[in-house]
Colleague: 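Handing you this structure, nothing more for now.
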Amino acid sequence: MNRQMRVILGLCDADAEDGSPDDLEFYRDNIFLMFPVEERRRFALYLNRIYSQNSPMAGEITVLRCDGTKAYLFGWVTKCVGDQGSEEFQSVCMDITRRRQEQKAKESRRYIKALSDVYDRIFEYDLANHTVRYLHGQTTPAFPWMKDIPMQLEEATDICIRDLVAEKDRQQVRAFFDAYLYHKQDAPGLCPSQIRYQARSSDGSIRTYTGIFLKIEDSVSLFCSRRMPDTRETDSLRNENRSLKENLKELVTRFTDGIAAFEVTNDLVTPLYASDNVCEFFGFAKKEWLQMMKKGTPLKNFVERSRASFEEFQALLRNGEAEFTYFDLNTGTQRQIKAICSQKSADGNSPRYVMLYNMDREAPKEPKPGRNNALASIRTFGYFDVFVGGRPIPFRNKKAKELLALLVDRRGGYVTSEEAISFLWEDEPVTPVTLARYRKVALRLKNTLAEYGIPGIVEAVDGKRRIVTEMVRCDLYDYLSGDEKYAQLFKGSYLTNYSWGENTLAELSGGLLF
């Protein structure tokens with residue numbers, strides 16, 4: 001790995017030294033730690049294909065920088081024979097991160113434009129920066145003081161609920177936002193969170209709204225709200241959609257989790273956004289879908305590969321909103337999909353936007369957090385160790401293991417970067433060098449936990465980290481619970497590996513924790 005590649009990965013600065021030698025050893029132990037968890041299988045398949053076909057391949061791949069951010073590379077990989085006569089893979093690549101970010105920003109703007117023609121209000125929730133912005137309102141903004149200005153997340157949310165939501169629904173709306181913001185309700189693999197409530201409209205009257213969180217990045221989601229038609233309009237819509245709902249059951253049998261958006265102008269359809277499985281739902285490969293995003297496709301051609309008729313799609317555009325129950329072949333369960341489209345303009349020439357997204361939730365693949373079915377077991381009395389499935393994790397990096405021990409010692413409280421450095425490197429001040437070193441350690445801890453299937457036991461927010469106590473079983477936590485059956489766990493030793501554990505040991509020995 002040359003110096004430029006180390007710069008791309010954040011192992012060294014462009015104008016600084018080359019970094020520590022153990023950085024490369026870290027990747028030599030496991031090259032897959034260079035990639036996000038979701039990319040590792042794809043990379044492995046590429047290597048297998050290159051090896052079996054004995055021919056090079058080119059393409060794009062996502063890598064993890066040492067600070068946890070992502071970089072995007074384009075390059076080729078080939079199989080060859082090295083200087084020692086053994087088979088090896090060689091790769092040459094370039095950094096296309098900026099180009100990808102600009103492309104993603106452009107797609108996001110188009111996506112938000114589509115949403116703005118469907119939803120009355122759109123808020124951007126950035127969990128990484130702990131901010132919220134008011135992006136769109138179809139009428140005069142109710143919140144001119146926060147239009148396109150990042151505001152403190154909790155304060156802005158509280159003000160919006162107080163000033164907009166009907167008093168009888170404020171408690172349930174607040175609980176809905178708390179569940180999403182603090183309990184990660186929309187984890188990967190789950191569908192968007194939605195709620196129905198009453199709120200003040202632009203004319204001052206109280207109307208019924210539906211709201212939904214749509215995730216657009218790892219830490220960024222959009223909360224979109226839409227006013228519902230009154231009871232008579234709803235009954236009429238339900239009757240008109242009954243036959244459409246039955247006819248579309250077969251159409252959506254291949255639709256699983258995902259979201260799609262497309263623009264319809266004079267019977268020409270332009271896709272704006274879709275996850276991979278939604279492309280498959282419409283019968284297009286991802287490359288075909290990307291080409292269609294550049295120009296309009298006649299509606300008849302757009303739907304001809306699906307199992308629905310042209311007339312059924314026209315009915316969907318005419319009715320404006322529908323929900324469908326279908327049998328999903330991949331999961332073998334009944335699922336729900338919802339479609340919403342913007343209203344037709346008076347002249348009929350303005351673009352209309354259609355959104356499709358899955359509405360029900362799959363059962364989580366991991367055990368629900370709790371003391372009796374925790375994802376990992378942690379031992380603090382004596383030497384510190386972490387067990388998954390009864391087997392200890394062999395941490396490759398000692399400081400990563402020590403960082404986890406520090407988080408466990410804090411019992412769920414957040415630890416800042418500065419605090420962690422003062423424990424991990426007791427004799428060194430907080431400097432850009434130690435901060436960079438700490439970020440590498442934190443990334444190694446994250447990768448190790450992901451490798452053993454327990455990435456969720458550590459939560460990171462704004463550079464602070466904590467152990468999610470409800471997802472682990474720990475002898476310290478059992479002992480402090482006060483349950484008599486755990487009273488004999490503590491034998492006088494605690495985190496023997498680490499000198500800084502003596503403070504908690506003194507408290508345990510003196511009974512100060514009780």
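Predicted, not measured: the structure shown is a model, and the values here were computed from it. Numbers here are sequence positions counted from 1.
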Colleague: Please check if the number of heavy atoms outside R41 that lie under 6.0 Å from its CZ is greater than 12.
Modeller: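 Atom CZ in R41 is not packed in, count stays at 12 or less.
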Colleague: Side-chain contact, heavy-atom cut-off 4.5 Å: L9 with M1?
Modeller: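 Yes - at least one pair of side-chain heavy atoms lies under 4.5 Å apart.
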Colleague: What is the minimum heavy-atom distance between T131 and P150, and which atoms define it?
Modeller: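 Closest approach of T131 to P150: CB-CB, 4.0 Å.
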Colleague: Determine, stepwise, if the pair R121 / F223 fulfils side-chain contact (heavy atoms from CB on, under 4.5 Å).
Modeller: CA-CA 8 Å; R121 295 176 179 133; F223 177 72; over 6 Å; no
Colleague: What's the separation between atom CD in E451 and atom CG in N447, rounded to the nearest 0.5 Å?
Modeller: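 Between E451 CD and N447 CG, I get 8.0 Å after rounding to 0.5 Å.
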Colleague: Give me the atom names and distance for the closest heavy-atom approach of A376 to I454.
Modeller: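 Minimum heavy-atom contact is CB-CD1, 4.0 Å.
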Colleague: Which pairs count as ring-ring contact (aromatic ring centres under 6.0 Å, His included) when at least one residue sits in residues 44-73, sequence neighbours excluded?
Modeller: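 The answer is none; no pair qualifies.
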Colleague: Is there side-chain contact between Q172 and D169, with heavy atoms separated by less than 4.5 Å?
Modeller: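 They are in contact (side-chain heavy atoms under 4.5 Å apart), so the answer is yes.
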Colleague: Does R196 reach the main-chain N or O of T208 with its side chain, forming a donor-acceptor pair under 3.5 Å?
Modeller: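 No: the side chain of R196 does not pair with the backbone of T208.
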Colleague: Before we go on, tell me: are the rings of F177 and F213 under 6.0 Å apart, centre to centre?
Modeller: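 Yes, ring centres under 6.0 Å apart.
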Colleague: Between atom OG of S225 and atom NE2 of H136, what is the distance when rounded to the nearest 0.5 Å?
Modeller: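 If we round to the nearest 0.5 Å, S225:OG and H136:NE2 are 9.0 Å apart.
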Colleague: Measure across V458 and R465 and return the closest heavy-atom pair with its distance rounded to 0.1 Å.
Modeller: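 Scanning both residues, the minimum pair turns out to be CG1-CB, 4.4 Å.
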Colleague: Under a 4.5 Å cut-off applied to non-hydrogen side-chain atoms, are L164 and R200 in contact?
Modeller: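 They are in contact (side-chain heavy atoms under 4.5 Å apart), so the answer is yes.
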Colleague: Could you measure the distance from the CG atom of N54 to the OG1 atom of T78? Nearest 0.5 Å is fine.
Modeller: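 One gets 7.5 Å once the value is rounded to the nearest 0.5 Å.
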Colleague: Within the distance-only criterion (no hydrogens, no angle test), does the side chain of Q152 pair as donor or acceptor with the backbone N or O of E154 below 3.5 angstrom?
Modeller: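 Checked: pair present.
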Colleague: Give a yes or no on whether the ring-centroid distance for Y197 and F176 is below 6.0 angstrom.
Modeller: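 No, they do not, as the ring centres are separated by 6.0 Å or more.
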Colleague: More than 12 heavy atoms of other residues, nucleotides or ligands under 6.0 Å from CE of M94: yes or no?
Modeller: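 No, the 6.0 Å shell around CE holds no more than 12 heavy atoms from other groups.
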Colleague: Apply the test side-chain contact (heavy atoms from CB on, under 4.5 Å) to residues R42 and F35: give CA-CA distance (whole Å), side-chain angles for both, the deciding distance (0.1 Å), then the verdict.
Modeller: CA-CA 10 Å; R42 188 164 74 95; F35 306 97; over 6 Å; no
Colleague: Please identify each residue that fulfils side-chain contact (heavy atoms from CB on, under 4.5 Å) with D158, with sequence neighbours left out.
Modeller: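 R174.
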Colleague: Run Y119 and L222 through side-chain contact (heavy atoms from CB on, under 4.5 Å) and show every step you take.
Modeller: CA-CA 11 Å; Y119 291 99; L222 302 177; over 6 Å; no
Colleague: Within a reach of under 6.0 Å around NZ of K300, are more than 12 heavy atoms found that belong to other residues, nucleotides or ligands?
Modeller: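 Open.
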Colleague: Any salt bridge linking R99 with E60? Criterion: basic side-chain nitrogen under 4.0 Å from a carboxylate oxygen.
Modeller: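 Salt bridge flag = yes for E60 with R99.
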Colleague: Heavy atoms, side chains only, cut-off 4.5 Å: are F123 and C160 in contact?
Modeller: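 Heavy-atom side-chain distance check passes, below 4.5 Å.
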Colleague: Measure from the side-chain N and O atoms of R65 to the backbone N and O of G10, and report whether any donor-acceptor pair falls under 3.5 Å.
Modeller: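 Checked: no pair found.
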Colleague: Could you walk me through whether K70 and E39 pass the side-chain contact (heavy atoms from CB on, under 4.5 Å) check?
Modeller: CA-CA 11 Å; K70 295 178 180 179; E39 288 277 12; over 6 Å; no
Colleague: Please report the interatomic distance OG1(T62) to CZ(F43), rounded to the nearest 0.5 Å.
Modeller: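 Taking OG1 in T62 and CZ in F43, the distance rounds to 12.0 Å.
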Colleague: Taking E124's backbone N and O only, do any of them form a donor-acceptor pair with R133's side chain (distance below 3.5 Å, no angle check)?
Modeller: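 The answer is no, because no donor-acceptor pair under 3.5 Å joins these two groups.
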Colleague: Out of curiosity, I122 CD1 to C224 SG, how far, rounded to the nearest 0.5 Å?
Modeller: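 Reported value, rounded in 0.5 Å steps: 4.5 Å.
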Colleague: CD/Q4 to SG/C93 distance, rounded to the nearest 0.5 angstrom?
Modeller: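 Going from the CD atom of Q4 to the SG atom of C93 covers 9.5 Å.
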Colleague: How about R226 and I212: do any of their side-chain heavy atoms sit closer than 4.5 Å?
Modeller: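 No. Closest side-chain heavy atoms not under 4.5 Å.
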